[in-house]
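Encoded as structure tokens, the structure appears first; notes follow it.
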Amino acid sequence: MSIAKTPEGPPASALIDERIASLQDWRGPALGRMRQLIHEAAPEVVEEWKWKGTPVWSLSGILCTGESYKTAVKLTFLKGASLPDPAKLFNASLDGNARRAIDIHEGDTVDAEAFKALIRAAVALNAEGAKAKAKPARAAGAAH
């Protein structure tokens with residue numbers, strides 16, 4: 001895991017640890033479990049802390065965010081609409097053009113293998129985008 005520091009100083013991972021610990025009901029363990037699954041699926045993931053308090057997991061771009069609300073833990077995949085979801089984990093933000101989310105409520109269990117497959121698919125999609133951006137553009141009229 002890479003450690004990204006926030007502009008204020010503390011590593012994002014420490015801030016995410018604090019967020020999980022501060023959620024003293026079912027949401028803390030739920031967010032902690034999803035974080036662990038993200039790391040299992042993408043060991044090289046970078047943890048970030050953005051938008052004044054949102055845990056973010058990135059690798060060649062954002063994979064997903066982890067937000068906590070009174071009744072749910074929400075994992076939002078910025079490019080979720082482009083990801084295969086045969087297990088139908090996405091249950092929120094289904095009408096967006098790009099985003100898809102998984103809302104976890106008290107008592108819910110998320111299929112660990114299906115979730116890790118989503119993370120790996122998001123990693124692959126970001127890698128494709130990074131590779132496409134890295135290709136040098138051909139000059140107009142260049143020979144093949």
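The basis for the numbers below is simple: all heavy atoms, side chains too, and nothing from hydrogens, waters or symmetry mates. Residues: numbered from 1 along the sequence shown.
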**OP:** Output every pair passing salt bridge (charged side-chain N to carboxylate O under 4.0 Å, His left out) with a member in residues 11-26, not counting sequence neighbours, ordered by first then second residue.
**Re:** Asp17-Arg35, Asp25-Arg27
Original post:
For residues 93-102, which residue pairs qualify under salt bridge (charged side-chain N to carboxylate O under 4.0 Å, His left out), counting only residues two or more places apart or in two chains?
Top reply: none
**OP:** Could you pull out all residues at least two apart from Lys116 that satisfy salt bridge (charged side-chain N to carboxylate O under 4.0 Å, His left out)?
**Re:** Glu40, Glu113
**OP:** Return each pair, listed once, that meets ring-ring contact (aromatic ring centres under 6.0 Å, His included) where at least one residue sits in residues 89-109; pairs must be two or more places apart or across chains.
**Re:** Phe77-Phe90
Original post:
Can you hop from Val56 to Ile16 via hydrophobic side chains spaced under 4.5 Å?
Top reply: no
Original post:
According to a 4.5 Å side-chain heavy-atom criterion applied to Ile, Leu, Val, Met, Phe, Trp and Tyr, with indirect links allowed, do Leu94 and Leu83 form part of one hydrophobic cluster?
Top reply: yes
Subject >> Residues that Ala112 engages under side chain to side chain contact (heavy atoms under 4.5 Å, CB included), provided they are two or more places apart >> reply: Arg33, Leu37
Rounded to the nearest 0.5 Å, what separation is found between the [atom1] atom of [X] and the [atom2] atom of [Y]?
X: Glu47; Y: Trp57; atom1: CD; atom2: CH2; result: 6.5 Å
X: Leu75; Y: Leu31; atom1: CG; atom2: CG; result: 7.0 Å
X: Leu63; Y: Thr76; atom1: CG; atom2: OG1; result: 13.0 Å
X: Cys64; Y: Ile102; atom1: SG; atom2: CD1; result: 8.0 Å
X: Ile38; Y: Leu118; atom1: CD1; atom2: CG; result: 10.5 Å

Atom pairs and distances, donor-acceptor, side-chain atoms in residues 119-129, under 3.5 Å, two or more places apart:
unit_1	atom_1	unit_2	atom_2	d
Asn126	OD1	Lys79	NZ	3.0
Asn126	ND2	Leu59	O	3.2
Asn126	ND2	Gly61	O	3.0
Asn126	ND2	Ile62	O	3.3

**OP:** Could I get the full list of side chain to side chain donor-acceptor pair (under 3.5 Å) partners for Asp85, not counting sequence neighbours?
**Re:** none
Original post:
Of all residues at least two apart in sequence or in a different chain, which pass the side chain to side chain donor-acceptor pair (under 3.5 Å) check with Ser58?
Top reply: Glu48
Original post:
Taking the side chain as C-beta and beyond, is there a heavy-atom pair between Leu23 and Val73 under 4.5 Å?
Top reply: no
Original post:
Which pair of heavy atoms, one from Val110 and one from Phe115, lies closest together, and at what distance?
Top reply: CG1-CB, 4.0 Å
